[in-house]
Amino acid sequence: MGSFYLTTPIYYASGEPHIGHAYTTILADVLARYRRRAGDDVLFLTGIDEHGQKIQEAAAAQGLSPLELCDLMAGRFEAAWDELGISHDRFIRTTEREHLAVVGALLERLRANGHIYEAEYTGWYSVSQERYFTEKEIGPERVDPIAGGPVVKIREKNWFFRMSRFQERLVRHIEGDPGWIAPAARRNEVLGFLGRPLEDLSISRPRSRIHWGIPLPWDPDQVTYVWVDALTNYVTASGAIDPAAPAAERGFGELRPSRWPADLHLMGKDIITTHAVYWPTLLMGADLPLPRKILAHGWWVVGDTKMSKSIGNVVDPLALRDQFGADAVRWYLMREMSTGQDASYTAERFLTRHDELRNILGNLAHRTLSMIRRYRGGVVPSAPADGLETETAAALEAYRRGLDGYRLHEGFAAAMELARAANGYIETREPWALARQLDRASDLDATLTTLARTLAVLSSLFEPVAPKRSAELARRLGLDRVPLLRELPEVAVAGRQVRVGKPLFPRVDV
RNA sequence: GCCGGAGUAGCUCAGUUGGUCAGAGCAGCGGAAUCAUAAUCCGCGUGUCGGGGGUUCAAGUCCCUCCUCCGGCACCA
C-alpha cells in the first residue's frame, strides 16, 4: 500500500470561506479520495492561519480576543468543509501548542545553522492603517489601497533568513525535476523569478506593532512573520519534528518516522512564490527534504471579469450547494476547469454540467435499476457481464492517466464517457424488446448484468468527485461499499438485490 | 520594459514527441425508441486551426514575424 500526504494552504482566518478556498480544498479532497480509492494510506491536511495583524484588529473590532475570533472562524471553515463533503484527516490551526513549538524549533534550527541575522526592514507603511503595503498594492500613486491615505517609507528592526544562499541550489532542483512545479507555465515563472538575484527574507515583526504571533525564541520582542509561521504547518502536521527532544534529536537532518516530505502541496497561483521559493529554501536551511510536488491552480473568473468582493460578483459555493447539492458543485468545479488553468464561471455552464450529471449518469442509473426491478424482480442476474468491455477498459485507463497526471478534467471526462457509452449500449441492446422474447432471456440477463457491473465501475470512478451520490449508487446496487479501483472492472454484482429509489441527481427548477 | 502563455465550429474547449488532427460537449435541425428524471440514442458542421512568411515528402503541431488578449516580474493568507 502506498502512502500519500497532501496539503491545502491554511486559509487566513480573517475572512469567510469563498469559492477560491473551496476550489483548492475540493481539488485536494478529490485527489485524496482518488488516492484512497487507489489503495493508498492518505493524510489530507487543511486548516487555518490564525496569527497576524488583521486577526488582531478584526477581533478587537468585534470585542473578542484573537483566539475567540479564531475559534469562531475555525468553526466556520470546518462547517463549510463539512457541507462540501471534504474528507480531510487533519484540520490544523496555527495557534495549536504543537505548532507553536515546531515553529520555534524550526527557527532555532535555522539560527543554529547560521542562516538568521538581524537587520533593518524597509517598506511602505501606512500610519492610518498601521501596516505595510507592497509596492504592487500602493501602485504608482503611492497611496494605501484601503483608505487612499499616504504611505511613508520607514525602517524597523527585523530578523532575516538568508534565503539568497539557497538560490542556486533551488534553481538546480527545479531544473532537475521538471514536474516538481506544475503546471509548466508556473514553473517557468518561478525560474524567471529566480533569474534575478534572490533577496533575503524578513521573518519577524516588532511585537510592539503586532503582538498576535509566535515570539522568536531568542528575541521575544519580535514575533514570527507569516511565512515561517504558516508554511511550517505542513511539517507540524507531518509529525517529523519533536520540539521537546534535545536540539540534535528533533528530526532535522535525520527524519523521525513521519509523513514528511509531503507528496503534494496544492495552492492557488497567487501563492506559488511562497511555496516554490520561500518554503523550499526554508526547508533547505533547516536540513529537511523538500515536498515532492507543488501544484498551483488557476482562478475562477466570472464572465470575463475577475471575481471580487468590491464588484459583487463573488460566487458562493455554499449557496449553489444548497440548491444543487455538494456533489454537483464539486463536479462542476472539477470538470469545468482544466486543472491548473483559469476558468470562467457562468450560471449557464453550471446548469449544463448539472444536466450532464443528471441526464447521462443519474438517468443511466435510474433506467438500469428500473429495468432490473421490472424484468428480473430487482435481482441482478447471474450472467456473463460481457458487454462494454472495450469501453470500460479504455475509460479506466484514461481515468487513471488523467488523475495521476493531475488533469482531473480529462479523467472525469473519461468517466462520463463510459456513462454515455452505457446509454448507447442500452439503445443497441433494447432490453425492453428482449424482455418480450422468452427465448432471449439469456441476452437480457447479460445486458442487465453488464449494466449493473458498469454502474459499479462508475460508482468507483465518480466517488472522488461525487462522494455522496456515488456511495448511494453503490448501495442501490446492493454493494456494501464503493469498490476500490483494483477491484474493477470485475465487481461481483450477480445476485445482488437492487433498489431503484429516487433519482440520484434530481431535476432542479431554477 | 523584460519573461511566459493563449488565439481551433454559434458557445466552452480537446488536440502528448509533425503524417486518419480537422475533433468533443453544449446549442440548432432531422429521425428512432419508450426501460428512464420531457430523460436516451442515431444522423447533419463549406471551420482560411489569429494574419503573413519559412523548414519539410508532410505543420493547429517546428522556426521567423505581425496583430489581439492574458499572466508573472517577491515579503499579498
Side-chain angles (χ1 to χ4, degrees), chain A residues 9-15 20-21 48-52 54-55 94 121 123 131-137 145 158 160-161 163 183-196 198-203 205 225-227 229-231 267-274 277-278 298-299 301 304 335-336 338 341-344 346 348-349 351-353 355-356 358-360 362-375 401 405 407 409-410 413 416-417 419-435 447-448 451 500 502-508:
Chain A
I10 48 174
Y11 307 114
Y12 200 53
S14 71
H21 302 134
I48 56 175
D49 173 10
E50 306 189 312
H51 288 129
K54 275 192 196 168
I55 298 289
T94 53
Y121 177 80
R131 58 161 285 193
Y132 283 101
F133 288 103
T134 64
E135 290 273 356
K136 199 189 295 179
E137 284 175 314
N158 278 186
F160 283 76
F161 164 59
M163 188 160 69
R186 297 271 98 79
R187 174 175 178 270
N188 291 340
E189 283 176 9
V190 173
L191 280 173
F193 174 78
L194 290 169
R196 296 169 180 279
L198 193 58
E199 290 173 17
D200 290 338
L201 185 69
S202 160
I203 59 158
R205 291 291 183 269
Y225 190 51
V226 59
W227 311 125
D229 184 345
L231 292 164
M267 76 227 58
K269 63 182 183 182
D270 55 324
I271 49 176
I272 182 71
T273 307
T274 317
V277 179
Y278 300 179
W299 286 125
V301 297
D304 52 7
R335 181 66 190 82
E336 188 74 357
S338 297
Q341 301 195 247
D342 287 353
S344 164
T346 69
E348 190 185 7
R349 296 291 300 168
L351 292 175
T352 299
R353 288 297 180 197
D355 282 350
E356 181 180 38
R358 173 170 67 93
N359 296 339
I360 307 300
N363 187 46
L364 171 69
H366 204 243
R367 66 197 301 211
T368 296
L369 295 171
S370 295
M371 286 190 285
I372 292 172
R373 177 178 62 185
R374 178 187 288 237
Y375 302 136
R401 193 171 55 237
R407 295 185 303 275
H409 56 296
E410 291 181 16
M416 189 58 85
E417 204 50 47
R420 288 181 194 279
N423 278 313
Y425 175 78
I426 293 177
E427 303 300 324
T428 305
R429 301 285 292 190
E430 298 190 314
W432 48 91
L434 296 176
T447 301
L448 295 178
L451 288 169
V500 179
K502 293 261 194 279
L504 286 176
F505 300 97
R507 190 179 174 75
V508 176

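Only heavy atoms go into these numbers, but all of them, side chains included; no hydrogens, no water, no symmetry mates. Throughout, protein chains are lettered first and strands after them, A, B, ... in sequence-line order, and every chain is numbered starting at 1. The structure displayed is predicted, hence computed values, not measured ones.
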For [X], which contact category applies under a 4.0 Å heavy-atom criterion: base, sugar-phosphate, or nothing?
X: Asp200(A); answer: base
X: Arg205(A); answer: sugar-phosphate
X: His51(A); answer: nothing

What's the closest nucleotide to the Phe193(A) side chain, out of G71(B), A74(B), C75(B)?
A74(B)

The side chain of Glu410(A) lies closest to which of these nucleotides: G15(B), A77(B), G72(B)?
G15(B)

What is the distance from [atom1] of [X] to [atom2] of [N], rounded to the nearest Å?
X: Leu201(A); N: A74(B); atom1: CG; atom2: C1'; value: 9 Å
X: Leu231(A); N: A74(B); atom1: CG; atom2: C1'; value: 13 Å
X: Leu191(A); N: A74(B); atom1: CG; atom2: P; value: 16 Å
X: Met267(A); N: A77(B); atom1: CE; atom2: P; value: 16 Å
X: Glu356(A); N: C26(B); atom1: CD; atom2: C1'; value: 9 Å
X: Ile203(A); N: A74(B); atom1: CD1; atom2: C1'; value: 16 Å
X: Lys269(A); N: A74(B); atom1: NZ; atom2: P; value: 16 Å
X: Arg186(A); N: G5(B); atom1: CZ; atom2: P; value: 12 Å

[N] and [M]: how far apart are their [atom1] atoms, nearest whole angstrom?
N: C29(B); M: C35(B); atom1: C1'; value: 27 Å
N: A27(B); M: C66(B); atom1: P; value: 42 Å
N: U16(B); M: C63(B); atom1: P; value: 14 Å
N: G51(B); M: G60(B); atom1: P; value: 11 Å
N: G1(B); M: G10(B); atom1: C1'; value: 39 Å
N: G54(B); M: C11(B); atom1: P; value: 31 Å
N: G31(B); M: G18(B); atom1: P; value: 46 Å
N: U61(B); M: U8(B); atom1: C1'; value: 12 Å

Any side-chain N or O of Tyr425(A) under 4.0 Å from OP1/OP2 of C42(B)?
no

Is the base of G15(B) syn or anti, where syn means the angle lies within 90° of 0?
anti

[X]: which residues meet the side chain to side chain donor-acceptor pair (under 3.5 Å) condition with it, sequence neighbours left out?
X: Ser14(A); result: none
X: Thr368(A); result: none
X: Glu427(A); result: Arg367(A)
X: Asp355(A); result: Arg358(A)

Go nucleotide by nucleotide along RNA chain B from the 5' end; which of Tyr225(A) and Glu189(A) gets its closest nucleotide reached first?
Glu189(A)

Report the residue (Tyr278(A) or Thr352(A)) whose heavy-atom-nearest nucleotide on RNA chain B is the more 5′ of the two.
Thr352(A)

Using a cut-off of 4.0 Å between protein heavy atoms and nucleotide atoms, how would you tag nucleotides 33-40 of chain B 5' to 3' with B, S and -?
SSBBB-SB

Please name all residues satisfying side chain to side chain contact (heavy atoms under 4.5 Å, CB included) with Ala419(A), sequence neighbours left out, ordered by chain then number.
Ile360(A), Leu361(A), Leu364(A), Met416(A), Leu458(A)

Ala413(A) meets the side chain to side chain contact (heavy atoms under 4.5 Å, CB included) criterion, sequence neighbours left out, with Arg335(A)

Distance, nearest 0.5 Å, that separates CE of Met371(A) from CD1 of Ile426(A):
4.0 Å

Minimum side-chain heavy-atom gap Val226(A)-His51(A) below 4.5 Å:
no

Using Watson-Crick pairs (N1 to N3, plus N6-O4 or O6-N4) and G-U wobble pairs, both distances under 3.5 Å, which stems of at least 3 pairs involve RNA chain B?
B:1-7 with B:67-73, B:10-13 with B:23-26, B:28-32 with B:40-44, B:50-54 with B:62-66

Between Thr94(A) (side chain only) and Glu50(A) (backbone N and O only), is there a donor and an acceptor less than 3.5 Å apart?
yes

Could you check whether any side-chain N or O of Asp200(A) sits under 3.5 Å from a backbone N or O of Met163(A), counting only pairs where one atom can act as donor and the other as acceptor?
yes

So which pairs with a foot in residues 184-194 of chain A pass salt bridge (Lys or Arg N to Asp or Glu O under 4.0 Å), sequence neighbours left out?
Arg186(A)-Glu189(A)

